[in-house]
Amino acid sequence: MHVSFDPWSPAFVADPYPAYAALRATGRAHYFEPTRQWLIPHYSDVSGLLRDRRLGRTYLHRFSHDEFGVTAPPAAHEPFHTLNGHGILDLEAPDHTRIRRLVAKAFTPRRVEALVPTVERLAAGLVDDFVEAGGGDLLSAVAEPLPVAVIAEMLGVPEADRGLLRPWSAAICGMFELNPPEETARAAVQASVEFSGYLRELIGARRADPGTDLISGLIAAHDDEDRLTEQEIISTCVLLLNAGHEATVNATVNSWWMLFRHPEQLASLRGDHGLLPTAVEELLRYDTPVPMFARWVLDDIEVDGTVIPRGSQVALLFASANRDPERFADAETLDLSRQDNPHISFGAGIHYCLGAPLARVELNASFGELLRKAPGMRPAAEPEWNPGYVIRGLRELLVEV
C-alpha cells in the first residue's frame, strides 16, 4: 500500500473520507497486511463484486477451513459462530436461497406498507416524549427504541422482554469488527447463548400457541417444503434484529449529526419537508452506517490487472464507493435534493438488504416527526464516535429541543 490507512486510529474513525479518497486516487485494489484483506475503494468495482458469484460471505459450502487455508475459529467461540453461520447474511446457495425466500415474505411491499401506521404511531410517541423532556440523547430516546420496537412486534417478542434485545445485539455485533479482542468475543459468545436460549423458549411457546407474528410463520414453514431447522429459525430472528435495527439506529444519529454540520442543508429540509425522501437517500450515501462489507474469494478474480487469488478476503468499502466522483457528481457535497443516487448502503446482489424498505419507512417516520415537532432541535455537545469501520455510529447524540 502506498497510502496511510489506519482504521483503528481516532482520526480515521472521526473522518475516514480523506483516507478513502487517497485509496481511490492510488489504485483499485490495495492489500492491507494488518487484516490480510484486499481493499476495494471504487464504486464500479464494489458494485460489480457484490454481484459476482466467485465471491461469497462464506466458503464452508465449498471448502473446509483447511482446504481454504484459513485457521478455524477457537472452540470457545462456537456458540457465536453457530448462531451467525445459520443466518442468511453468512450463507450461500442453496441454504441462503431457501431461507431468504421464506423471510422475504415478511418484507413484501404490501407487508411493509401495512406496517407504516404502526411505525408512524411508535415514532410519534417517542418524539412526543422526547420533546416534552426538552431533548436529551437522541440515540437512546428515539433512534434506538423505534426499530427495536418494530422488529420486536414483527417477531412477536413480548413488550416486557424488549429491553433484553439491544444489549444482546450490541454484544454480538462487536464480533463483526476487525480483529475483536478476546473480551469482545467472550461477550458475544455469552450473548449468543442467552439470546438463543430466549428464542428457543419463545419458539416453543409459539409452537404451542401460534400467532400472526413472523416466528409463528417460520415455524409453520418448518413443516413444508422449505424445512427450516430450529437453529435456522433462531439465527434468522437474531439476524433480523441485529440487521434490522443496528444500522437504522446509526443511520438516524449519523444523519442528524451530518445535518447539524451542514446547517444550510438542514435549513432547506426544515423549509421543505417534501425533500425528506431524497434527503434520507442522500444521508445514507453521505455517511453510511455500514462502511465496509467483506467477501471471501472462492475462485481467482482480477481487479484492474491485479489477480486476487482464491482464499483471499476482499473488503468492499461501501463508504468510499458512495463518495466516488466517478459515479456521483460533487460526491463530497451533501445535497439533499440529489436525484441520481444509486448508493450501495444496502448492498447489492443476492445479499441486498431485505429490510431496506422497512428501514426507509422508519427513517422517514422519525425524521418527519422530529422536523414537525422539534423544528429548532440543535446539538448540545460534540459527540464521540464508536471505534470501528465495519459499523459506524456515535456513542450518543445529545440535543436540545
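Only heavy atoms go into these numbers, but all of them, side chains included; no hydrogens, no water, no symmetry mates.
- By the 30° and 60° cut-offs, the orientation of the rings of Phe80 relative to Phe176 is tilted.
- Going from atom CG of Leu354 over to atom CZ of Phe346 covers 12.0 Å, rounded to the nearest 0.5 Å.
- Smallest separation of non-hydrogen atoms from Leu199 and Cys237: CD1-CB, 3.9 Å.
- Not one N or O on the side chain of Glu396 forms a donor-acceptor pair closer than 3.5 Å with the backbone of Leu394.
- Side-chain atoms of Arg57 come within 3.5 Å of backbone atoms of Leu89 as a donor-acceptor pair (strictly under, hydrogens ignored).
- Not a single donor-acceptor pair under 3.5 Å links the side chain of Ser169 to the backbone N or O of Leu165.
- Sparse packing is recorded around CD of Glu384, with 12 or fewer heavy atoms of other residues, nucleotides or ligands lying under 6.0 Å away.
- More than 12 heavy atoms of other residues, nucleotides or ligands shown are found within 6.0 angstrom of CD on Glu264.
- Using modelled atom types, no side-chain atom of His343 and backbone atom of Leu284 make a donor-acceptor pair closer than 3.5 Å.
- Judged purely by atom type and a 3.5 angstrom limit, Arg392 has no side-chain atom pairing as donor or acceptor with the backbone of Asn254.
- In this structure, Gln313 contributes its side chain and Arg36 its backbone to no donor-acceptor pair below 3.5 Å.
- Of the possible donor and acceptor atoms, none in the side chain of Arg285 sits under 3.5 Å from a partner among the backbone N and O of Glu281.
- At most 12 non-hydrogen atoms from other residues, nucleotides or ligands lie less than 6.0 angstrom from CD of Glu326.
- Between Asp45 and Arg24 there is no salt bridge, since none of the side-chain N atoms of the basic residue sits less than 4.0 Å from a carboxylate O of the acidic one.
- The closest side-chain heavy-atom distance from His96 to Ile350 is below 4.5 Å.
- Residue pairs that meet the salt bridge (Lys or Arg N to Asp or Glu O under 4.0 Å) test with at least one member in residues 303-314, sequence neighbours left out, are Arg28-Asp304.
- Ring pair Trp256/Phe260: centre-to-centre distance below 6.0 Å.
- When every heavy atom of Arg111 is checked against every heavy atom of Ala106, the shortest pair comes out as CB-O, 3.6 Å.
- A salt bridge between Glu183 and Arg186 is absent, with no side-chain N of the basic residue lying under 4.0 Å from a carboxylate O of the acidic one.
- The pair Glu230-Arg200 meets the salt-bridge criterion, with a side-chain N (NZ, NE, NH1 or NH2) lying under 4.0 Å from an Asp/Glu carboxylate O.
- The closest side-chain donor-acceptor pair between Ser345 and Asn322 falls under 3.5 angstrom.
- In terms of modelled atom types and a separation under 3.5 Å, the side chain of Asp272 and the main chain of Ser268 share no donor-acceptor contact.
- Note on residues 310-341: pairs passing ring-ring contact (aromatic ring centres under 6.0 Å, His included), not counting sequence neighbours, are Tyr43-Phe328, Phe293-Phe318.
- Remark: aromatic rings of Tyr389 and Tyr20 are distant, center separation not under 6.0 Å.
- Within the structure, the salt bridge (Lys or Arg N to Asp or Glu O under 4.0 Å) test picks out the following pairs touching residues 210-219 (sequence neighbours left out): Arg206-Asp213.
- Looking at Gln231 and Ser235, their side chains do bring a donor and an acceptor atom within 3.5 Å of each other.
- Exactly one of Arg62, His61, Arg53 qualifies for a side chain to side chain donor-acceptor pair (under 3.5 Å) with Glu92. That residue is Arg53.
- Of the possible polar contacts, none joining the Arg54 side chain to the Val297 backbone as a donor-acceptor pair under 3.5 Å is found.
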key: salt bridge (charged side-chain N to carboxylate O under 4.0 Å, His left out) between Asp137 and Arg395, intermediate numbers included   = CA-CA 10 Å; Asp137 178 16; Arg395 295 185 187 276; over 6 Å; no

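- Under the 3.5 Å distance criterion, the side-chain polar atoms of Thr26 are matched with a main-chain donor or acceptor of Ala22.
- Within 6.0 Å of CD in Glu78 there are more than 12 heavy atoms belonging to other residues, nucleotides or ligands.
- The aromatic rings of Phe32 and Phe5 sit perpendicular to each other, their planes meeting at more than 60°, with 30° as the lower class boundary.
- Annotation: side chain of Met258 is not in contact with side chain of Glu282 (no heavy-atom distance under 4.5 Å).
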